[in-house]
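Input: a single structure, listed below in structure tokens.
None of the values given here were measured: they were computed from a predicted structure. Numbering starts at 1 and runs along the sequence shown.
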Amino acid sequence: MNPLLKTSPLVDTASDILQLRQQLARKDQALFAAEAIIQELREALRLERIKRFGKQSEKLSDLQLELLSGEPALSSEEIAGEVERGPLPDAPANDEESKSSATKQQNARRNHPGRNDLPSHLKRVEKIIACAPEQCTCGRCGKETKVIGYERTELLSMKPVEYFVTVLMREKRACATCKEEGVATATVPARIAPKSIFADETIIEFIIRKYADSLPLFRQQAILRRDAGIDVALSTINDAVLRTGELLIPIVGAMKRDLLTGGYIQADETYCGVQTPDKKGENHRAWFWQYSAPAKGVIFDFEMTRAREVPREFFKDYGGILHTDGYAAYEKDVGTKDVMRACCWAHARRRFIDALKVQTKSHAADRGLERTVVLMDELFAIDREAREQNLSLDDRHALRQERAPALLAELHALLLKMKASRAYLKKSIAGQAIDYTLKRWEKLTCFLAHPVIELSTNWAENSMRPIALGRRNWLQIGSKEAGLKIAAIFSIIESCRKLGVPIRQYMADVLPGLADRSIQSLPALTPAAYEANLAK
């Protein structure tokens, strides 16, 4: 064999070292990826346990949460007994003089407001409580004492619901002399559901109890049976309610047209189960899409899908500001080319709060995450101060311009620093929070140039709370057709609540005879128009 073909021991050693280094690099890379997955799963598990056991459990270690997970039932006292670590530390203060206005206002709100004053518009029924006989004579001279005044205490009282039957007696008149004139009968009064056995106020009560107070119709049926001995078919109640929803659909159409003519809309969506014939024993997941703007009320649209075609159709001619969360369906081909998108600071903040929640005793609360939340809180404190002082949009804009730029500059620099740091894995909760905020930075900060934009979409999210509560109680919607009527009811209920319109009074004034009204009269019947008339 040619000795030149032989590999020297030195060459073999160098080749082996290179292979070993490559293997080690691959293993290091695999180990890093595995550690990232493990951290991601640990954080997700801890967050899920915190949601299960409540707010106090944020203070518990992973081991404590694991032990509690094995218990079949736990009381709040048992969870409190496991708490060893105090609440998350406050934000690192730069100095005592520069305490944020948000912290000061938060401490002020903690003070007990004292006894509530009952509204002056409520009827007062005086109930005089006489002194005992021994208090009616003077203890010194024995003469009868005189009433010199009263110690006054006001109590909010109520009467139980009283059921009664209204008998409509329509006069029938005829001339005793001219029999050929026939009989004249008094005109039938306008009613919400002319053929229903329920009076208007009863139908309105069914609606408010279900769609404002989340009391299902079958429970209201049981209450009627229990308290009044009335056994009414559930379908009879349901028909009266859905008839109301059908009447309200044209008014919601007028509200939609008014909303789309404005320059600012918040949008969001939430799911609800719907019975469908193609899914036996299982509900179809449908969606209520919510569109609203301050001072313009709330519109709900019902669709069987969450696809982007829904907002695309709704906003096809809209060219104003569209304020949403990070859902991708609102991002592309929604609205005209002039539409401008804004994002929600509350959603961004929520992600950092979750990142703080998963911090354990072994991983002390991160100062960067804490500072991020504090800076966001100070942004919200600006708007809170504007609300408390009842500032106009222009004055609020001036306040934002004065305080917000410095906060945003510090926050942006901090997020970039945290992203560049290897301390935050990209797929960890903290890493995702940082990435989420930076990717939407332009849409989050456009409020500086547009005073009408709110910092969050909480206006929209709060409007959907009755649906979230309702699906836990009335569980499902009977059909796709019913969904459109229920969406109309929710639109009116929530608009009245947001605008401060008395819902019973509004429905009693608007609903009777609504089917006979002209289309041209509908804009004057919206909750916003009704509220404007009340204010005159």
Open item on the list: For a side chain to side chain contact (heavy atoms under 4.5 Å, CB included) check, start with the C-alpha distance between Thr437 and Thr372, then their side-chain angles and the critical distance, and finish with the verdict.
Closed with: CA-CA 11 Å; Thr437 306; Thr372 300; over 6 Å; no
Open item on the list: Between Glu378 and Val374, does the side chain to side chain contact (heavy atoms under 4.5 Å, CB included) criterion hold? Intermediate values first, please.
Closed with: CA-CA 6 Å; Glu378 291 185 354; Val374 168; 3.9 Å; yes
Calculate, to the nearest 0.5 Å, the distance between atoms [atom1] and [atom2] belonging to [X] and [Y] respectively.
{"X": "Leu259", "Y": "Ser491", "atom1": "CG", "atom2": "OG", "answer": "10.5 Å"}
{"X": "Arg351", "Y": "Gln432", "atom1": "CZ", "atom2": "CD", "answer": "6.5 Å"}
{"X": "Glu303", "Y": "Glu269", "atom1": "CD", "atom2": "CD", "answer": "12.5 Å"}
{"X": "Arg209", "Y": "Asp213", "atom1": "CZ", "atom2": "CG", "answer": "8.5 Å"}
{"X": "Arg341", "Y": "Glu331", "atom1": "CZ", "atom2": "CD", "answer": "6.0 Å"}
{"X": "Thr445", "Y": "Arg440", "atom1": "OG1", "atom2": "CZ", "answer": "13.5 Å"}

Open item on the list: Please determine whether side chain to side chain donor-acceptor pair (under 3.5 Å) holds for the pair Trp287 and Thr305, giving the CA-CA distance in whole Å, both sets of side-chain angles, and the decisive distance to 0.1 Å.
Closed with: CA-CA 6 Å; Trp287 296 85; Thr305 177; over 6 Å; no
Heavy-atom side-chain contact between [X] and [Y] under 4.5 Å:
{"X": "Val452", "Y": "Phe447", "answer": "no"}
{"X": "Glu309", "Y": "Val334", "answer": "no"}
{"X": "Leu156", "Y": "Leu122", "answer": "yes"}
{"X": "Pro466", "Y": "Phe490", "answer": "yes"}
{"X": "Ile493", "Y": "Ile207", "answer": "yes"}
{"X": "Tyr211", "Y": "Val241", "answer": "yes"}
{"X": "Lys419", "Y": "Leu415", "answer": "no"}
{"X": "Gln476", "Y": "Cys272", "answer": "no"}

Looking only at heavy atoms, which two atoms of [X] and [Y] are closest? And how far apart?
{"X": "Ala355", "Y": "Leu369", "value": "CB-CD1, 4.0 Å"}
{"X": "Gly245", "Y": "Ala488", "value": "O-CB, 3.7 Å"}
{"X": "Arg306", "Y": "Ala329", "value": "O-CB, 4.5 Å"}
{"X": "Arg124", "Y": "Pro119", "value": "NH1-O, 2.6 Å"}
{"X": "Val501", "Y": "Pro527", "value": "CG2-O, 3.7 Å"}
{"X": "Ala404", "Y": "Ile382", "value": "N-CD1, 3.9 Å"}

Answer yes or no: is there an ion pair linking [X] with [Y], defined by an N-O contact shorter than 4.0 Å?
{"X": "Glu154", "Y": "Arg152", "value": "yes"}
{"X": "Lys498", "Y": "Glu494", "value": "no"}
{"X": "Arg371", "Y": "Glu410", "value": "yes"}

Please answer whether the main-chain N or O of [Y] pairs with a side-chain N or O of [X] as donor and acceptor at a distance below 3.5 Å.
{"X": "His323", "Y": "Thr457", "answer": "no"}
{"X": "Asn462", "Y": "Asn458", "answer": "yes"}
{"X": "Asn473", "Y": "Leu469", "answer": "yes"}
{"X": "Ser428", "Y": "Tyr424", "answer": "no"}
{"X": "Arg285", "Y": "Asn283", "answer": "no"}
{"X": "Gln401", "Y": "Leu448", "answer": "yes"}
{"X": "Gln266", "Y": "Ser456", "answer": "yes"}
{"X": "Arg396", "Y": "Asp383", "answer": "no"}

For the residue pair [X] and [Y], confirm or rule out a side-chain donor-acceptor distance under 3.5 Å.
{"X": "Gln290", "Y": "Asp268", "result": "no"}
{"X": "Glu461", "Y": "Ser463", "result": "no"}
{"X": "Arg471", "Y": "Thr270", "result": "yes"}
{"X": "Tyr530", "Y": "Gln505", "result": "yes"}

Test ring pair (Phe, Tyr, Trp, His ring centres under 6.0 Å) applied to [X] - qualifying residues, sequence neighbours left out:
{"X": "His412", "value": "Trp441"}
{"X": "Tyr436", "value": "none"}
{"X": "Tyr327", "value": "Tyr330"}

Open item on the list: Quick check on side-chain contact (heavy atoms from CB on, under 4.5 Å): which of Phe288, Phe300, Phe302 does Ile486 satisfy it with?
Closed with: Phe288
Task: Test log, rule salt bridge (charged side-chain N to carboxylate O under 4.0 Å, His left out), inputs Asp377 and Arg349 - done: CA-CA 8 Å; Asp377 285 346; Arg349 180 184 179 277; 2.6 Å; yes
Open item on the list: How about CD on Gln389, more than 12 heavy atoms from neighbouring residues, nucleotides or ligands closer than 6.0 Å, or not?
Closed with: yes
TODO: Apply side chain to side chain contact (heavy atoms under 4.5 Å, CB included) to the pair Leu411 and Met376, showing each step before the final yes or no.
DONE: CA-CA 8 Å; Leu411 178 57; Met376 291 181 180; 4.1 Å; yes
- [ ] Assert yes or no for the condition that the ring centre distance of Tyr291 to Phe315 is strictly below 6.0 Å.
- [x]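 Between Phe315 and Tyr291, which both carry aromatic rings, the centre distance is below 6.0 Å.
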TODO: Assess whether side chain to side chain contact (heavy atoms under 4.5 Å, CB included) is satisfied between Asp258 and Thr526, documenting all intermediate values.
DONE: CA-CA 10 Å; Asp258 181 50; Thr526 65; 6.0 Å; no
